[in-house]
Structure formats: C-alpha cells, structure tokens
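Letters A, B, ... mirror the listed sequences (proteins, then strands); counts begin at 1. Remember, it's a predicted structure, so these values are computed and weren't measured experimentally.
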Amino acid sequence: MSEFQTNSRVIKWIEHRMPVFSFLDHSVGRSFPAPKNLSYLWNFGSLAGLVLVIMIVTGIVLAMQYTAHVDYAFNSVERIMRDVNYGWLIRYIHMNGASFFFIVVYIHIFRGLYYGSYKAPRELLWMIGVVILLLMMATAFMGYVLPWGQMSFWGAKVITNLFSAVPFFGEGIVTWLWGGFTVDNPTLNRFFSLHYLLPFIIVAVVVLHIWALHQFGSNNPLGIDTKGPQDKIPFHPYYTVKDAFGVGVFLIFFAAMVFYAPNYMGDPVNYVQADPLATPAHIVPEWYFLPFYAILRAIPDKLLGVIAMFGSIAVLFILPWLDRSPVKSGRFRPIFRIFFVLLVIDTVVLGFAGANPPEGTWLLVGQIATAWYFLHFLIILPLLGVFERPKPLPTSISEPVLKGGGSMAGATTTPMEKA
Amino acid sequence: MRKGLIFGLAALAAIATASSAARAAEEGPALPHVEWSFDGPFGTFDRHAMQRGLQVYREVCSACHSLNYIAFRDLAALGYDEDEIKAIAAEYTVTDGPNDEGEMFEREGRPSDYFPAPFPNEKAAAASNGGAAPPDLSLMAKARVGGPTYIYGLLTGYEDPPAGFPGDNYNLYFPGHQIAMAPPLFEDGVSYADGTPATVEQMAKDVSHFLMWTAEPKLEDRKGMGIKVLIFLVVFTGVLYAAKRKIWADVH
C-alpha cells in the first residue's frame, strides 16, 4: 500500500521528528492491508481491547472510593453503590465487564481454534494470547476478592490453598502468598495492589500481541495466504467501520446486562460480608472459571488436580505443535470440524460440572469431560494431522470456489504448495 | 455475519444456563409466584408499599435485625419530606461523642444518622438469640437466591413441623427447613396508617418490597437510564451499520 502522505504542516513537523502518524497508518490505517474476507468473528479482538480499556477506566475510578481493609472493604463498596454519584453504574459496569471480557475472549479463542490461527507463522502470536488469558484470569480472581463478600473470601481461600499441593514447599508458599497464616488483611492489600498492576501488564502484552499480529497480518476464514492486492483491503476505512459496528452491537448486549440484570452472572452470597467462621454451602467461582474448576475437582488427588488445571492451559501453549495439519481453516477439514464442535460442547459440559457439587453423576460427567478435553488436544489433533484428508483449498481469496474447487484433482493433499 | 451472531448468542445462552444451573444447585422448593411493581424494564418502586414495609420493619423486624446501610436521609426515596424524616429520626436515640469532656453521650437521631442496630455487637446479638446472630437486612434482597420473593416466601412459609422434626420452627423455603427465627408476623401485628388490612401476606409483601429498596436503592435510576442508553445504542449502531454497508459496497 502507499506511503503515508499528508498536506498538514503540523503533522509533517511532528512526523519528521517522531513518525507517530506513519506508525498509526501502518498499524490501523490505510497502509495496513488486511484480507478482504474476514467474518464478524474477527471483531472479537478489537472488542477485547475495548473491554480492557473500559475495565481500566472504571477500575481507576472505583479505586478512588474503595478501601482495601478487611473491616472497610465491604462497606466501601456499598458506599459506592449508595452514596457515590453514579457509583452503582461504574461498579456494575466493572462487575459485568469482567464477565463480558471473558465472553469476548473465549469467542476470540474458539475462533482461533476453528480457523487454525495458531499455525505457522502465527505460533508466537497465539502463545502471547495465551499469556494474556493467564494474566486475565489472575486479575479477575484477585478483583473478585476485593469486595470482601463471602465468596470473595472463600474463593480466595480455596484457590490460594491449591499451592499447598506443591511438594515440600507447599505450606510455605501458601503462607507467603497470604502474608500470614490465613486469608486476612495482608492478603486483601496485596491482591488490591496486584489487581491494579496486572491490567497494565496486560496492556503491555497486548502491544506484543498486536506487534506479532502485524508481522503476517490476520488469518482469515479460508486459512490461505493472501496472494496479492486483489485479496486485500486497507484496514482503514474497511475494518475500522466494521469494528465500530461490532462495538455498537456489543454495547447493546453489555448495556442490557448492566442496566437490567446486573447481578445475574454474580453469586448472591457475595452480598454477605466475608465471615471466616461461616463457610458457604457451595463454594463456586465465577462462571468463567467453572470449566477449569471442574478439571481441578475431576481428579481425586490434590496435586494432580492442580497439575491438570494448569495443564488445560498449558496444552494451548503447545497447540501449534500438536496440530500438524497443513490446512488451517476448519472449513476444509471435515473430521476436525466434528471434533471442534465436540470440544465446544465438552467445555460447556465442564462448566456445568464445575457449577455442581463434585459428587455422584456430576463428578463422573466432569471426569469424562476432563478426559475428553485432554484427549482432544493430545491425541485426536495430532492424529487428525496425519490421517485426515482435507478438502481441496481454493487457489486464492478472490476466487474461492470458482476455479480452485473440487475439479482440480491434484490439489487435494498439499494444496498450499501451489502458492 | 449471521454465523458470528449465532455463535455469539449460543455462547451467551450457554453461559446463562450454566450460571443459573450453578444457582439451581442451591435452591430449595420453588418459590411462590409474586408480582412486584419493580419487575421488568420499566419497573418502579411503590411508595405506599415501601412506607408500609418500613412500618413493618420498625415495629417487627427491628427488634432483632439491624439495617446498617440505611440512613434516615435515605427515606426521602420512600416519599417522605424533610420534616417527616426529621420526625422519624427523632424517635430514635443514638450514641454520639466523645464530647469536649471526653464522654460519650446520647442524643435524638438526625437525618444523617443510620438506623441504630438492636444489639451493640454481633456477640450480644447472638447471645440474645440462642447463639445465632440475626443477619443485617440491608442487602438481604440481593444476598439470597430469589431475592425479595424468597423473603416473602420465608415470611409466609412457616408450617407445622412434620413428625420427628428436630427444631422448633419449620419453614418450607429455608434451606434445611430448620430456622431459628420464630414466625415473626401475625394477623394485625401492625396497624397500617393507610388502613390497608394487615394480613400476614400483606405485611410480608410490603416488607420484602421495602427490603428490595434497601438492597438496590438505585433500581429506578438504573432502569430509567437503561432505556435511554439502549435507544441511543440501537440508533447509533444502525447508523454504523449503514456506514459499514456504504463503505463496503465496492468490495467483492
């Protein structure tokens, strides 16, 4: 695409000293070419960025009124809800924003899984994304502790206690994490400090994620490389306006929850102030952790359960080397498609298993779903790469099925070499 | 586009069912069906019901239950004017101080004061109530599955205990059915200023309505603003869609 051009003398003056305008132009402007066939599933990256900004802005304002002390935290949140001007609005946005952050990011991840966005040459881009997911989970967990409700306290206790499973050093690590001998004021203080810090680290890692993205550009629904200018369109105005429309649709869903069901995704027990002497009947994490919680509890041994839970994310790290199929997009992988749908169902089933007490049928369901999760990544994907016969790929994005379709017999197994 | 929307909606539906399943696991018998004026996107509080509910709280519940997050000034939302609020506050005695001599002293309540708790601390509350402190009621309507409907069910759900029941009080809706609180409401337990017959159901409904307000005092602001925000977003998104269609018209 063309070089950055302008007639404005001010912009030229700045550009000469610091090329910020051409940088923007290359990042999200006319000089950043993108495949022209991106579907609406490609909107969720920019949506995740938007939610991150919403969370940071509302979080900074909340921190102005919040008190990180076991005796005042719950009260200070209620003051925000009752006496601070529009405090209820800011807090409900922040609270539901956490859930919507995970909704958006989970869709973003499943999109990447279906279209093979983790494959060469985008492995590092994918791995940086998994790092962002881990940072998000840590941030969300510590943020949930801050209102110091019953589930805040007991959730913190259960999750920090997981580290006691570490051989030899377990108890020491847990005491070190707590800053004492139970979840108490030092724990709350450090969680607040880290909850404020981690989002900015996420911003930094998002910059790396976008940097890696710009090296080869977006993957696309066909999973084939762009072959020339006829396959590409400039990011601006095409994808800026498409992302803006996506933002509008997203905000409609978001506002509907914030204004009409703000507590729907939360646990009522967290409106009871933390009481270290009264354990709630069921300790459950927020919905976005339920599948991982199910994996943790599927294995009777504590240490192995913790390893399995972290392993469920670790397999995502090595996913680019587990799935060796040369074809990226699930559209051209008839057997992979079936297993992808099964994986989606499996994670939803894990969510239900995590929501229910680990006994009887639900424990068994959780164990089967956990086994399937690992089976999918560790056995099925590597085997599919060898045994699956992908459908013929189109020759280019511009002429999807017209010429490159099934008629070309030679293109069945290694169609990508035709480039 | 359609695929993306279906994908997104399916994901939302899965989340919605999963989170309600999480709560279903904690639920007891199905709650009675109650219609609340604050239900739905245009719902508002009923001032008369809340005033009656306040009366029930003050004459019945407040003997054991605190209402720590509510100040007398907040009662303006129930439709009381400044003088009425001052009069209500003045009926209470609050401890203030220390004064210039370093002594704590008692004085009449002011609108800026919070409802005084019936017991000086949680230990005292527990000691006077057979070992279990009566919980604060401010957030009760958000702290229980079913919210105000659960409170209504609990207050009207007392039944004769089945044979062999270990406790004194059997409540249909309380988890485990064994509740420490004796039935608090009796026919004509209060005499309503507005002449409404004080049946147990009426009092239970009024005080649950009042407690929904104490738990979520900004409910009317929230729902009122939500309509405006959503109308704006729908129009704005429509404009963005038109812009998208126009800009993309030349891409094939």
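Of the two parts of B:I247, the backbone and the side chain both hold a non-hydrogen atom closer than 4.5 Å to a non-hydrogen atom of chain A. Both the backbone and the side chain of A:I252 come within contact range of chain B, with heavy atoms under 4.5 Å apart. Contact annotation for B:D221: both backbone and side-chain heavy atoms come within less than 4.5 Å of a heavy atom of chain A. Proximity to chain A is absent for every atom of B:L219, based on heavy atoms less than 4.5 angstrom apart. The contact between B:R73 and chain A is made entirely by side chain atoms (from C-beta outward), counting heavy-atom distances below 4.5 Å. Heavy atoms closer than 4.5 Å to chain B are found nowhere in A:V104, neither backbone nor side chain. At a 4.5 Å heavy-atom cutoff, the contact between B:A215 and chain A is made by backbone atoms alone. Only the side chain of B:P217 comes within less than 4.5 Å of a heavy atom in chain A; its backbone stays farther off. Looking at B:V229, only its side chain comes within 4.5 Å of chain A, counting heavy atoms on both sides. Contacts between A:N270 and chain B at a heavy-atom distance below 4.5 Å are absent for every atom of the residue. At a 4.5 Å heavy-atom cutoff, the contact between B:I70 and chain A is made by side-chain atoms alone. Looking at B:Y69, both its backbone and its side chain come within 4.5 Å of chain A, counting heavy atoms on both sides.
Side-chain contact, A:R91 with A:Y86: no donor N or O sits under 3.5 Å from an acceptor N or O. B:D250 and A:Y238 form a side-chain donor-acceptor contact under 3.5 Å, judged by distance and modelled atom types alone. Looking only at atom types and distance, the side chain of A:Y40 has no donor-acceptor partner in the side chain of A:R111 under 3.5 Å away. A donor-acceptor pair shorter than 3.5 Å can be found between the side chains of A:S99 and A:W287. Judged by distance alone, the side chains of B:W36 and B:T149 do bring a donor and an acceptor atom under 3.5 Å apart. A:Y271 and A:N263 are linked by a side-chain donor-acceptor pair at a separation below 3.5 angstrom, with hydrogens and angles left out of the test. If you check the side chains of A:T226 and A:D231, you find no donor sitting under 3.5 Å from an acceptor. Between the side chains of A:Y115 and A:N220, no donor N or O sits under 3.5 Å from an acceptor N or O.
Top candidate by heavy-atom pairs under 4.5 Å with chain A, chosen from B:D74, B:V251, B:D136, is B:V251. Contact count versus chain A (heavy atoms, under 4.5 Å) is highest, among B:K218, B:K142, B:M140, for B:K142.
The stretch residues 116-129 of chain B places none of its residues near chain A, where near means some heavy atom under 4.5 Å from a heavy atom of that chain.
In this structure, the salt bridge (charged side-chain N to carboxylate O under 4.0 Å, His left out) partners of A:R82, at least two apart in sequence or on a different chain, are A:E78.
Between atom CG of residue B:L137 and atom CZ of residue B:F115 there is a gap of 11.5 Å, rounded to the nearest 0.5 Å.
Outside the 6.0 Å centre-distance limit, the rings of B:H177 and B:F165 are not counted as a close aromatic pair. Aromatic ring centres of A:F44 and A:Y106 lie farther apart than the 6.0 Å criterion allows.
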